[in-house]
Each structure stands twice: as C-alpha cells, then as structure tokens.
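To start, the structure itself, in structure tokens.
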Amino acid sequence: MANRSLRAPKGTFDLLPPHSEAVLAVREAMGEQVRLAGYGYIETPAFEDTALFVRGVGASTDVVTKEMYSFTSKGGDELTLRPEGTASVMRAVLEAGLANGPLPLKLWYSGSFYRYERPQAGRYRHFSQVGAEALGSNDPALDAELIITAVDIYRSLGLRQVRLLLNSLGDGTDRPAYRDALVTFLDALDLDEATRARARINPLRVLDDKRESVQQQLVDAPLMPDFLSSPNREHYDTVRMLLADAGVSWEEAPRLVRGLDYYTRTAFEFVHDGLGAQSAIGGGGRYDGLAESLGGPSVPAVGWALGVDRTLLAMQAEDVVMAGAASVDVFAVPIGAAAARKAFAIVLELRRAGVRADLAVDGRGLKGAMKAADRSGAALTVVIGDRDLEQQQAQVKTMSTGDQIAVPLDRVVDDVLTALSRAASGGNKQ
Ligand code: HAM
C-alpha cells in the first residue's frame, strides 16, 4: 500500500496558534473563577478501570453502552479512557480517604475527555472540559455557588446569550413514586419497541427523546418537580432563592434529565442558541449517591463540567474576541552573523527579565525579518545592522508609530524595559 500521509483520528483535532491561545485563555478564565470560590486543583489519570464508569455513570447510559473507548491492557486490565471526570474525582477522594477529613472538599480540574460519539460541529471524540466538584455536603448553598460561578465564568468571557436550565430530579425518597407514575403513563403511549425497552430500563430518559412523534405524546407526562418530597422541595427552593439573590435568572426545565445516571436533586444545563444541535455548553448537578455506588460511604456532592470547545464556539457565535495576546513584546532583527550573535544575547537577557522576546533566524534579510516582526505582534523591534554593529548601537523601533531611535548596545535591554513599562502604565512617550 502506498504511504498515505497520517491525519488526526476522526472526531479529533489539533489546537494550533493563534487559536490555541484563546483555548488556554478560556481554561485560565474558568480556573481563575473557581479558585476565587476556594476550589483546589485535582488531576486524575486519563484512563481508569472500566468498572468505575459502568458503576458510576450507569450501565444503561449511552456513555457506557455506546461511547466508551475501552481496551484490555497488555497486563489484562479492563481500562477505559475517561468519558467524564466526576466518577474519577469521587474515586480519587475515596481512595485517599479525603471524605474522612474536613468537608466540604472543593476540587476543580481541566483536561481531555473521550467519547465515541458521531462527530459533528461541537461534538468531538476527544474534547476538553473544566470541571468543579464540591463533595461532602448537602448544603444547597454549594449547588447555588457552583451555578453562580459558572454564570460568572460565562460573563467574564463576554458571553451574553447563555441560558440556564434548572430542574430537580429528586432522589431515592421520592423518585420511585415518580418513576411508577411515569411508567404507567408511558405504558399507555404508542411507542416503538426500542423506546419501550428504554422506558423499562430508565423511563426518565424517554423524556429526553428528541423525536417530534415522541415529544407530542409527552405533553401531559407527569413531571418530577410535582413529586418532590418536602426536604427535596426545600432544598430546591433554597437553591433558587440564592440564585435570585445573586441576580441569576434561569428557566425551569421539568423535563431536563441528564445523560449520566448519578444525578439526584438539583440538575442543570447551560445552553447557547448559537450552536445548533450541540447547544449544551456546560452541565451538572447533585450526585448524592455516587460514592455509595462506588462502594464508599455516603458522600453527598454537587458539581459541573463546562465544555471548553463549545464555550469557544459560543464565543465565536457571539463574535466575542479574546483580548488577542500578541505572541511577543519585543522582536530582534539582526542583519549578518555578528549581529545575530549580539541579538541572540539581547533576546536572552530580555527573556530572563520577564519580557516575551523573539528574533529572526535563518539569516533572513531586512525585509523578510521585518515582516516576521510585524507578524509577531511585538510592540518594539530591535534592529541591528552592519553599520549599527560598527557603531556599537541598535535601532529600537516603536511599531505602532514607526519612530526609531539609535541606542548604544549596552543600554538596549534597559531602554527596552523602560519603554515597555512606560507603555504598560499608559504613557506612550519615549
Ligand atoms: P456532560 O453534560 O456529559 O457532564 O458534559 C459537560 C459538558 O461537556 C457538555 O455540556 C458539553 O459542553 C461538553 N461535552 C460533552 N461531550 C462532548 C463532546 N463529545 N464534544 C464536545 N463537548 C462535549 C459531565 O461530563 C459531568 N461529569 C458534569 C458534572 C460534574 N456533573 C457533576 N459534576
């Protein structure tokens, strides 16, 4: 077979500059807000025992039945690339015995996740999430805190068209009665055999069926909020009170069921209407029973994950531009080998002084090197030509004005530092 050039696997993509800078900036903005709320950083492995997700996420979910990248290791272990982060965080917390220490534990993470989904705009097989989880507390203040933090993240990124969908899914105390009512209702409908089978395993998921023919029949379906026990209603009311106090608006979404089985009580999703079918840019909720389904003690918890890729698509849809970080502040343009050696030293010294600096390489001529300087976004260019070198000087050019001044070589670094700090403090005079 002829040698074919290799490509990134289907449903994956490379992040390349300058777009990759925007991705980093979004992750950093997300991390900054969660740190403000006292969340500490956690990192877990990119693969786990398959059983973690089967038990944690739920054996009948699409994620587990259709979307996992599972494999047997050379040593015979059954492993899976993580499709989500919550089960891993809970596993790590239980394993380290942190649930026995001071609570709540507030943790956040940022990383890659893997789902074998049908790729389309905004839906990838390898994607990026930032997540936050508060473990070891029933307090609705944590549900509200997390939701508000996500709202603040989207705001800080300049997004204005994010809608918050909110529901309460109840728990073991009230969901069985709801489930029975829903099963009775679904039994009387005209559904195909596959949907009926789904209804038997997880009737709530039928509410999420996107087909018009199904949705039409669900108009009068019983809804979970009408079945909430009084403690669960009170919990939900407090979450909503705190959101209202914080000026956060939401839409009641009594049919919102999430795609993962561990949710109890508060469940929410952030959607953006500029994204077409894959409109969920983040989601989460409470998962008070997850620790027990992993064989641990009771550790009530709540959290969310925000999709970094979809958040960027939402920003593009709203024409929000991240303050385009120029790649460097200073660019050196040496003409000739001797100047190149001098420029190399100056650039190193600037970098060591904390200035982002770069230089033209490959012995490029003045014209090509100045083009590279332009492209770099540098505020200042240091040109060292043959004659400059004879006179032990360099030309320092301010790119925005085109002004150029000759500076003795042994003062270039100091002068550049002064000019940059003047520019940073708002002055623009040399
Ligand atoms: P999730 O709703 O499955 O929740 O995913 C969260 C977000 O990740 C989605 O809203 C979406 O933005 C993004 N996402 C999911 N799948 C893809 C994909 N194939 N391509 C691109 N983006 C995607 C969870 O993962 C839960 N662990 C959230 C959570 C944390 N619940 C409690 N704590």
Side-chain angles (χ1 to χ4, degrees), residues 9-12 46-71 78-91 111-129 131 165 167 169 175 179 182-183 186 191-215 218 221 224 253 255-264 267-271 275-287 289-290 293-294 303-307 309-310:
K10 192 171 167 193
T12 73
F47 55 85
E48 298 268 0
D49 280 343
T50 299
L52 173 68
F53 302 115
V54 176
R55 277 157 66 181
V57 171
S60 72
T61 57
D62 280 356
V63 168
V64 167
T65 55
K66 302 183 194 158
E67 297 170 4
M68 294 210 298
Y69 279 93
S70 299
F71 57 99
E78 297 299 328
L79 302 172
T80 293
L81 295 184
R82 59 183 181 185
E84 64 102 45
T86 309
S88 303
V89 168
M90 186 59 91
R91 196 262 316 133
S112 294
F113 296 85
Y114 311 86
R115 293 185 194 177
Y116 189 79
E117 295 199 75
R118 203 162 43 77
Q120 64 179 78
R123 190 165 69 194
Y124 313 109
R125 291 181 170 173
H126 168 257
F127 58 97
S128 164
Q129 285 185 346
L165 308 182
N167 194 14
L169 298 173
R175 205 186 297 163
R179 195 188 147 105
L182 186 59
V183 166
L186 293 175
L191 299 171
D192 57 87
E193 199 33 56
T195 312
R196 259 184 209 299
R198 204 141 51 95
R200 280 192 292 274
I201 300 166
N202 190 340
L204 269 71
R205 196 140 300 126
V206 178
L207 294 179
D208 206 24
D209 198 310
K210 301 282 183 291
R211 288 170 299 177
E212 187 59 38
S213 59
V214 178
Q215 279 305 323
L218 293 176
M224 185 64 227
R255 287 155 191 270
L256 176 75
V257 286
R258 306 253 311 124
L260 314 161
D261 272 354
Y262 47 61
Y263 290 109
T264 51
F268 52 88
E269 229 156 60
F270 293 97
V271 294
L275 296 190
Q278 304 308 316
S279 61
I281 58 173
R286 254 193 185 275
Y287 45 97
L290 175 61
S293 49
L294 300 181
W304 49 238
L306 311 185
D309 315 281
R310 286 190 199 165

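Please read all numbers here as calculations on a predicted model, not as lab measurements.
For the atom pair CG (D309) and CD (Q278), the distance works out to 12.0 Å, reported to the nearest 0.5 Å. Taking CZ of R258 as the reference point, atom OG1 of T61 lies at 12.0 Å (rounded to 0.5 Å). For the atom pair CD of Q129 and CG of L306, the computed distance is 8.5 Å after rounding to the nearest 0.5 Å. The OH atom of Y263 sits 7.5 Å away from atom CZ of F268, with the distance rounded to the nearest 0.5 Å. Put simply, CZ on R55 and OG on S293 are 8.0 Å apart, with the number rounded to the nearest 0.5 Å. Between L294 atom CG and R91 atom CZ the span is 9.5 Å, to the nearest 0.5 Å.
Comment: D209 engages R198 in a salt bridge, judged by a side-chain N to carboxylate O separation of less than 4.0 angstrom.
Of all heavy-atom pairs spanning R82 and S112, the tightest one is NE-O, 2.9 Å. The two residues M68 and T80 come nearest to each other via the heavy atoms SD-CG2, 3.6 Å. Closest non-hydrogen pair, L165 versus A253, comes out as CB-CB, 3.9 Å. Counting all heavy atoms, side chain and backbone alike, A267 lies closest to L169 at CB-CD1, 3.7 Å. Smallest separation of non-hydrogen atoms from A221 and L182: CB-CD1, 4.4 Å. Smallest separation of non-hydrogen atoms from T65 and A59: CG2-O, 3.2 Å.
No donor-acceptor distance shorter than 3.5 angstrom exists from the side chain of R205 to the backbone of A199, with no hydrogens or angles considered. Side-chain atoms of N167 come within 3.5 Å of backbone N or O of L256 as a donor-acceptor pair. A donor-acceptor pair is defined here as one N or O able to donate and one able to accept, closer than 3.5 Å; such a pair exists between the side chain of E84 and the backbone of A87. The backbone N or O of P119 sits nowhere less than 3.5 Å from a side-chain atom of E117 that would complete a donor-acceptor pair. The closest donor-acceptor contact from the side chain of R310 to the backbone of A280 lies under 3.5 Å.
A donor-acceptor pair shorter than 3.5 Å can be found between the side chains of R211 and T195.
Between D49 and L79, some side-chain heavy-atom pair lies under the 4.5 Å cut-off. The closest side-chain heavy-atom distance from K66 to Y116 is not below 4.5 Å. Looking at D261 and V57, their side chains never come closer than 4.5 Å, going by heavy atoms from C-beta outward. Inter-residue side-chain proximity for F53 and P83 is flagged as met; some heavy-atom pair is nearer than 4.5 Å. Side-chain contact between R115 and R125 is absent, with no heavy atoms from C-beta onward closer than 4.5 Å. At a threshold of 4.5 Å between non-hydrogen side-chain atoms, the residues T12 and Y124 do not count as touching. With a 4.5 Å cut-off on side-chain heavy atoms, F71 and L81 count as touching. Put simply, the side chain of L218 reaches to within 4.5 Å of the side chain of R255, judged on heavy atoms.
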Under the criterion side-chain contact (heavy atoms from CB on, under 4.5 Å), I'd like the reasoning laid out for V63 against L260: C-alpha separation, chi angles, the key distance, then a yes or no.
CA-CA 8 Å; V63 168; L260 314 161; 3.8 Å; yes

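Taking a 6.0 Å sphere around CZ of F47, one finds it holds 12 or fewer heavy atoms contributed by other residues, nucleotides or ligands.
Using bins of under 30°, 30° to 60° and over 60° for the plane-to-plane angle, the ring pair Y114/H126 lands in the tilted bin.
Considering Y287, W304, Y262 in turn, Y262 is the only one that fulfils the side chain to side chain donor-acceptor pair (under 3.5 Å) rule with T86.
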